[in-house]
Amino acid sequence: MFEICGLISAKDISESYHPVKNERKKEKIHMQLLERLGIKHPIFLAPMAGVSTPQLAAEVSNQGGLGSLGLGASSVSAAREQILQTQNLTDQPIHLNFFCHQSSSLNNGITAQWAQYLKPQFEKYGAEPPAALNCIYPSFLDQDDFLQLVLETKPKAVSFHFGIPHAHQIQALKNANIVTMVTATSLAEAKAIEAAGIDIIIAQGIEAGGHRGIFNQHLDSALLTADLVKLLKQHCHLPIVAAGGIMNGHQAKQLLDLGADAVQLGTAFVQCKSSNANEAYRQALFQQPVTQITDSISGRPARGLINQWHIAVDLPARPSVPAYPYAYDMGKQLHALAAKNQDHGFGAFWAGSNVMQIRALEAADLINQLVLEMLQDLDS
Ligand SMILES: Cc1cc2nc3c(=O)[nH]c(=O)nc-3n(C[C@H](O)[C@H](O)[C@H](O)COP(=O)(O)O)c2cc1C
């Protein structure tokens, strides 16, 4: 089925993705992006903290896409181990991803109210909510240990979610010739990314699975991926990577035609054997493929499969949620407790709104299938 990929050279395929032959400038940007990153196909594996693995990243990179590791939830030593493992599995380019959230201090009143509100959920399993919450994910902004790790391990690219790194961090990455990328969900965020001297914008639409990349969690333009790509193409000069709701090559090709230089897919890869998703998550992807955004799980809005968080927690009487990532500490503890009792209803099963189009394909086959579908649309 995938012979077509073998019959056409990678360069032919890459050149073909952008068929608007009279739009030389756009085509040039697109090719420049592939060349700059050293990849064959304009397809990125979305970094997915907790779900990414070295195997998954390497499979995507070895197949000509850009594999990635979501390291926002890892300690420096765990991150180092994952990076080294990935580099042992592939000599192709990979990208690393970190969180750049503004750290907030914990409001004790809000935390106490939240614990009280979730008490009945904990009590179902004979437990009490935790008395104190921890900042389980440090921000890349708060320390340079992760920066040092990136400089030491020299990935091709590094991306950031929830905000922009400090100027000295961007400069250090530039000096090391590491490509920088930041998620934007709005024109204002994209403009700030350009002004900061970042190389590539990841345009995340509202369909996207996982956390919204919004800089200010109370300000969300909620643009669809296609609308965001069109808006950014019109007003920004940086290359754009479209992310959100892309499950097949036809959707990917439409976004490239709108001006995206590459696409980034997360949900489509969660079901791959080499992802870290547990069995309950894998089953839910295929059996309950409906999503909703909530900030109850982590303290920041994120799209996931509808479960007890949306049904039993997001009720009209719900009080304010503690700040990210403190709320996530509570959310993870509730999930672990429920899961121990064979209840997987409190999992953070992140998924995009097009999850019902998910296919059971291993990573290399998925890349091949995406390429094939993109090429089919060139002929029609
Ligand atoms: C399971 C999962 C985990 C994610 N974790 C991260 C992450 O750690 N860092 C990040 O920048 N984006 C993360 N995202 C968002 C993706 O980068 C991307 O925006 C999204 O997957 C695109 O939408 P799609 O899931 O419909 O393909 C995650 C998405 C999913 C599905």
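From a predicted model like this one, the values you see are computed outputs, not experimental measurements. Just so you know, these numbers use all the heavy atoms, side chains as well, and skip hydrogens, waters and symmetry mates. Just so you know, ligand 1 is whichever comes first in the structure, and atom 1 is the first atom listed for that ligand.
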Pairs involving residues 208-223, ordered by first then second residue, that meet salt bridge (charged side-chain N to carboxylate O under 4.0 Å, His left out) (sequence neighbours left out): R212-D220
Ring geometry between F99 and H161 (parallel below 30°, tilted from 30 to 60°, perpendicular above 60°): tilted
Proximal atoms of ligand 1 relative to G352 (non-hydrogen, under 4.0 Å): 26 (O)
Sidechain-backbone polar pair: K233 side chain, G259 backbone, donor-acceptor under 3.5 Å: yes
Within-shell test, F99 vs ligand 1, heavy atom, strictly < 4.0 Å: yes
Which of the ligand 1 atoms, numbered from 1, are nearer than 4.0 Å to a heavy atom of G266: 21 (O), 24 (P), 25 (O), 27 (O)
Derivation and outcome, side chain to side chain donor-acceptor pair (under 3.5 Å), residues S275 and R282: CA-CA 10 Å; S275 95; R282 287 168 191 277; 3.2 Å; yes
Which of the ligand 1 atoms, numbered from 1, are nearer than 4.0 Å to a heavy atom of N97: 7 (C), 8 (O), 9 (N), 10 (C), 11 (O)
Nearest non-hydrogen protein atom, atom 17 (O) of ligand 1: Q264 NE2, 3.2 Å
Within-shell test, F162 vs ligand 1, heavy atom, strictly < 4.0 Å: no
Under 3.5 Å side-chain donor-acceptor pair for Q204 and Q264: no
Heavy atom of P47, distance to ligand 1 below 4.0 Å: yes
Row check, F122 ring normal vs K124 NZ/CZ: under 6.0 Å, within 45°: no
Per-atom contacts, ligand 1 versus L265 - under 4.0 Å to a heavy atom: 27 (O)
Heavy atom of G244, distance to ligand 1 below 4.0 Å: yes
N107 side-chain N/O to I110 backbone N/O, donor-acceptor pair under 3.5 Å: yes
Q204 and ligand 1 - part of the residue with a heavy-atom distance under 4.0 Å: side chain
Part of T267 with heavy atoms under 4.0 Å of ligand 1, whether side chain, backbone, both or neither: both
Shortest protein heavy-atom distance from atom 16 (C) of ligand 1, along with the residue and atom involved: A46 CB, 3.6 Å
With F160 via ring pair (Phe, Tyr, Trp, His ring centres under 6.0 Å) - residues at least two apart: F140
Min N/O separation S353 to ligand 1 under 3.5 Å: no
Which residue and heavy atom of the protein sit nearest atom 29 (C) of ligand 1, plus the separation: G209 O, 3.2 Å
Lys/Arg cation over aromatic F162: R300, 6.0 Å, 45° cone: yes
Which of the ligand 1 atoms, numbered from 1, are nearer than 4.0 Å to a heavy atom of Y281: 1 (C)
Polar side chain donor-acceptor pair, D295 to Y324, under 3.5 angstrom: no
Identity and distance of the protein heavy atom lying nearest atom 8 (O) of ligand 1: A49 N, 2.9 Å
Mutual orientation of the aromatic rings belonging to H211 and W350 [parallel < 30°, tilted 30-60°, perpendicular > 60°]: perpendicular
Ligand 1 N/O within reach of G245 N/O, cut-off under 3.5 Å: yes
